[in-house]
Amino acid sequence: AQSVTQLDSHVSVSEGTPVLLRCNYSSSYSPSLFWYVQHPNKGLQLLLKYTSAATLVKGINGFEAEFKKSETSFHLTKPSAHMSDAAEYFCVVSDFRNNNAGNMLTFGGGTRLMVKP
Amino acid sequence: NAGVTQTPKFQVLKTGQSMTLQCAQDMNHNSMYWYRQDPGMGLRLIYYSASEGTTDKGEVPNGYNVSRLNKREFSLRLESAAPSQTSVYFCASSGRGGSSYEQYFGPGTRLTVT
């Protein structure tokens, strides 16, 4: 079984300061990990993904995440927040099942990022 | 490419009414998915279709049925709507079954059951 825990339901930062959104996962297989962003009343957009290549993954809009197997973590960071980063962020885990079952995703509960001027 | 499209965008139903949510993708993806999103719970998988002609239950299938009409289209049906089905519904698709292939999401359908 796989699961994802996003450690903060809300994070508030000032514009121009660093962003840290925390995520821990568990998986019985070698997982793939994703971060998705959802702006208000919109669908989900992929920010970045880890698929067993480099452990430091760079995504869109200046975000990056580091896969740490020993800590079972995949925290999302950005050096300098922008007002347009205000959104909900989802950490997602997927494990490969060799039974043609499709790409099964498990979502964390989400972290709402607020950016103050 | 439109990506993943969903209709309708909004819907209000009375308890006991039925309706079908439509989803289509133009990316030639094999797999398609239906999720519901409730506050504080992320997205939960209702049903999925790993390939044309197959469908399987996800985490929360009760009260729903699906049809994979063809490779492009995957519909979700509520036969007798209940207030507990008030939610935002997302359709998604992915290229293959491997875990490295991310899912692409539609814009969602906001459903209210009174």
Side-chain angles (χ1 to χ4, degrees), chain A residues 1-10 21 23 25 27-54 57 59-60 67 88-112, chain B residues 2-7 9-10 23 25 27 29-60 66 68 74 87-110:
Chain A
Q2 56 191 22
S3 66
V4 180
T5 302
Q6 291 184 242
L7 297 163
D8 306 292
S9 59
H10 293 83
L21 305 184
C23 171
Y25 71 92
S27 175
S28 302
Y29 301 84
S30 295
S32 291
L33 292 155
F34 308 83
W35 276 98
Y36 281 86
V37 61
Q38 184 181 29
H39 288 94
N41 299 313
K42 299 287 187 187
L44 280 76
Q45 179 185 17
L46 181 69
L47 269 183
L48 49 80
K49 65 180 180 183
Y50 165 77
T51 57
S52 75
V57 182
I60 61 172
F67 174 70
E88 184 135 25
Y89 293 79
F90 293 97
C91 182
V92 181
V93 64
S94 174
D95 62 49
F96 177 71
R97 304 186 189 182
N98 191 21
N99 61 357
N100 200 33
N103 179 13
M104 306 297 287
L105 300 185
T106 299
F107 284 76
T111 298
R112 184 165 298 278
Chain B
V4 180
T5 56
Q6 293 182 235
T7 55
K9 285 188 167 51
F10 301 93
C23 174
Q25 53 91 10
M27 296 174 282
H29 283 168
N30 289 325
S31 301
M32 297 185 73
Y33 312 83
W34 275 105
Y35 294 90
R36 59 177 290 170
Q37 182 179 30
D38 301 295
M41 302 186 74
L43 274 70
R44 292 180 293 167
L45 184 65
I46 304 171
Y47 271 93
Y48 67 97
S49 170
S51 60
E52 188 179 355
T54 69
T55 61
D56 283 287
K57 295 178 181 179
E59 182 184 354
V60 289
V66 291
R68 183 75 182 266
F74 188 39
S87 189
V88 182
Y89 291 84
F90 288 98
C91 178
S93 70
S94 68
R96 290 170 60 176
S99 63
S100 64
Y101 293 94
E102 65 266 26
Q103 293 183 14
Y104 295 82
F105 287 82
T109 295
R110 191 171 296 271

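We name chains A, B, ... by the order of the sequence lines, and we start the count at 1 in each one. This structure is a prediction, so every number in the text was calculated from the model and none was measured. Heavy atoms only: backbone and side chains are in, while hydrogens, waters and symmetry mates are out.
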Before you tell me yes or no, could you show the steps for B/Phe105 and A/Lys42 under side-chain contact (heavy atoms from CB on, under 4.5 Å), namely the whole-Å CA-CA distance, both residues' side-chain angles and the distance that decides it to 0.1 Å? CA-CA 10 Å; B/Phe105 287 82; A/Lys42 299 287 187 187; over 6 Å; no
When B/Glu59, B/Gln37, B/Arg44, B/Arg110 are compared by non-hydrogen pairs under 4.5 Å with chain A, the top option: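 Looking at each option in turn, the highest pair count goes to B/Gln37.
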Please determine which of A/Val92, A/Leu44, A/Thr106, A/Leu105 meets the side-chain contact (heavy atoms from CB on, under 4.5 Å) test together with B/Leu43.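 Filter result, single survivor: A/Leu44.
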What residue, out of A/Phe107, A/Phe90, A/Tyr50, A/Tyr36, has the most heavy-atom pairs lying under 4.5 Å from chain B?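 Going by pairs under 4.5 Å, I would pick A/Phe107.
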Rounded to the nearest 0.5 Å, what separation is found between the OG atom of A/Ser32 and the CD atom of B/Glu102?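 Here the rounded value is 10.0 Å.
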Given side chains that start at C-beta, do those of A/Gln45 and B/Tyr104 come closer than 4.5 Å, heavy atoms only?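 In short, these two side chains do not touch, never coming nearer than 4.5 Å.
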